[in-house]
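No hydrogens, no waters, no symmetry mates; every other heavy atom, side chains included, goes into these values. Indexing begins at 1, ligand by ligand and atom by atom, following the structure's order.
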Amino acid sequence: MNILFATSEAAPFCKTGGLADVCGSLPPALAASGEDRIAVIMPLYTQIKMEWRQKMTFRKYTFVDLAWRHQYCGLFSLEYQGVTWYFVDNEQYFRRDRLYGEGDDGERFAFFSKAVADLLPDLDDMPDVVHCNDWQTAAVPVYLKDYAVRLDAYKKVRSVFTIHNIEYQGWLNPDAVTDLLGLDRGWWDSGALRMGGAVNMLKAALLASDAVTTVSPTYASQLHDSYYAHGMDGIIAAISDKMSGVLNGIDVVSFDPRTDQALAAHYEADDLAGKAVCKAALQEQLGLAREADTPVLAIVSRLVGHKGMDLVCQVADGILASGVQLVVLGMGDAGYEDFFRTLESHNTGRVAACITYSDELARRIYGGADLFLMPSKSEPCGLSQMIAMRYGTVPIVRQTGGLNDSVRSCQVGQDDGTGFVFARYDAGDMLAVIRQAVALYHTADFGAVQRRGMREDFSWKRSAEAYRRIYANLLG
Ligand code: GLC
């Protein structure tokens, strides 16, 4: 099979969140484990570093029509980890200070999606399946269906659409149908693109693609519930026959405490001595008191509401009173950023607020911390809890989405637990399990929980097979 992933970000080229981790690690895992030809196509943003650009080959240029617009479109490629990575070039759209959040994001990603659809015959292999991800690529399945009516080359191409987070849907004005997407009005009149009085790209993709997946089984079932579905529950019900949940994996080669170059020392499940060295180095680096026996509780997250930051703010004093040092790494809403800065200034040596984004510091935190807090209100999959477990840092999570599918609770029977879980979105409940985790930390049983988490298989192996089955089913 020839599989093409279409994505708006992929590590190591550019990253704002978990989407980049998945699109950077699933394609190489598929390439390594089978006969299929795997490629990825993404925008050539300014943010992609020179070291990568130097490895790229210019393939061709063409023009992409978006209604009345006739836009330059360059195509570059490079080979990396068994995968062909294609980059779509247009400086008007992708030479910006940031990946998203621009006033014309709708137009930028309509361009990208149309470019993907138009370029298929120009790639090394005509894809059998185009695997799209989130709203930025939501127009791709629509164009594929539209082209298949007229163009033979497109008749056999199938599409898969993965929801990484249903909150982001790609809303456009109704005129966008003809004035931007350049589609026939029928797409609007039939309701395929319409949600209320506007265009909703996510809805269009859910209807137009041949299979839909999301990033954990629990989230797949939660999406039927209006609390989690952000208005999409009706559509989810209508497409449930072609939808499934596949738990994400992590890149277990890159995230490995035996080899991670960011760590002060290396360690493994059978010998955790190096983890104590990592902890001391972290406390030193962040200006925390050098106390080997004080548990370090870490948060590595975007500081936004759905990650559960309001719960942390509500009981921050109680968390500190439980006897932990608190480390926070991330950026997000100014209110949360200020809260953690202030908390640090009032608790010197006990709290470190790192209001930044740093892959290296994140790794040092996974390595040096004892406990990892992830109290998300909703969490389609979540990768950090898996990375934390791989580094022997015991997660404390809310029972939702992929957190529910990847962490086994220690509270119900100690024998196979890998972390601490609370069910209700409630600061008091969260604080109660933090206290339980701290109590366990001070006993000899803590090491067993750490080791179990480290031995879990979070590799892409299983999930890659699930995706391969989905592709094969579509191709008959
Ligand atoms: C989004 C989700 C996160 C998931 C990631 C990768 O960022 O919010 O839960 O792990 O996508 O699928």
From the options Gly401, Gly382, Ser376, Gly18, select the one whose nearest heavy atom is closest to atom 10 (O) of ligand 1.
-> Gly382

His306, Glu379, Met386: member with heavy atom nearest to atom 9 (O) of ligand 1 = Glu379

Got an N/O contact under 3.5 Å between His164 and ligand 1?
-> yes

When you look for heavy atoms under 4.0 Å from ligand 1, do you find them on the side chain of Asn248, its backbone, both, or neither?
-> side chain

Does an N or O from Cys381, backbone or side chain, lie closer than 3.5 Å to an N or O of ligand 1?
-> yes

Indicate yes or no: does Lys15 engage Asp21 in a salt bridge with an N to O separation below 4.0 Å.
-> yes

Ligand 1 atoms in contact with Val22 (distance to a heavy atom under 4.0 Å) = 6 (C), 12 (O)

Flag side-chain contact, heavy atom, 4.5 Å: Tyr100 against Tyr168 = no

Once the angle between the rings of Phe13 and Tyr80 is folded into 0 to 90°, is it parallel (under 30°), tilted (30 to 60°) or perpendicular (over 60°)?
-> perpendicular

Are Phe372 and Tyr391 close enough that their ring centers fall under 6.0 Å?
-> no

Just checking, is any N or O donor in the side chain of Glu456 or Thr418 under 3.5 Å from an acceptor N or O on the other one?
-> no

Any atoms of ligand 1 less than 4.0 Å from a non-hydrogen atom of Val215? List them with their elements.
-> 12 (O)

Over 60° means perpendicular and under 30° means parallel, so classify the ring planes of Phe112 and Phe94, tilted if in between.
-> perpendicular

Tell me: protein heavy atom nearest atom 8 (O) of ligand 1, and distance?
-> Asn165 ND2, 3.5 Å

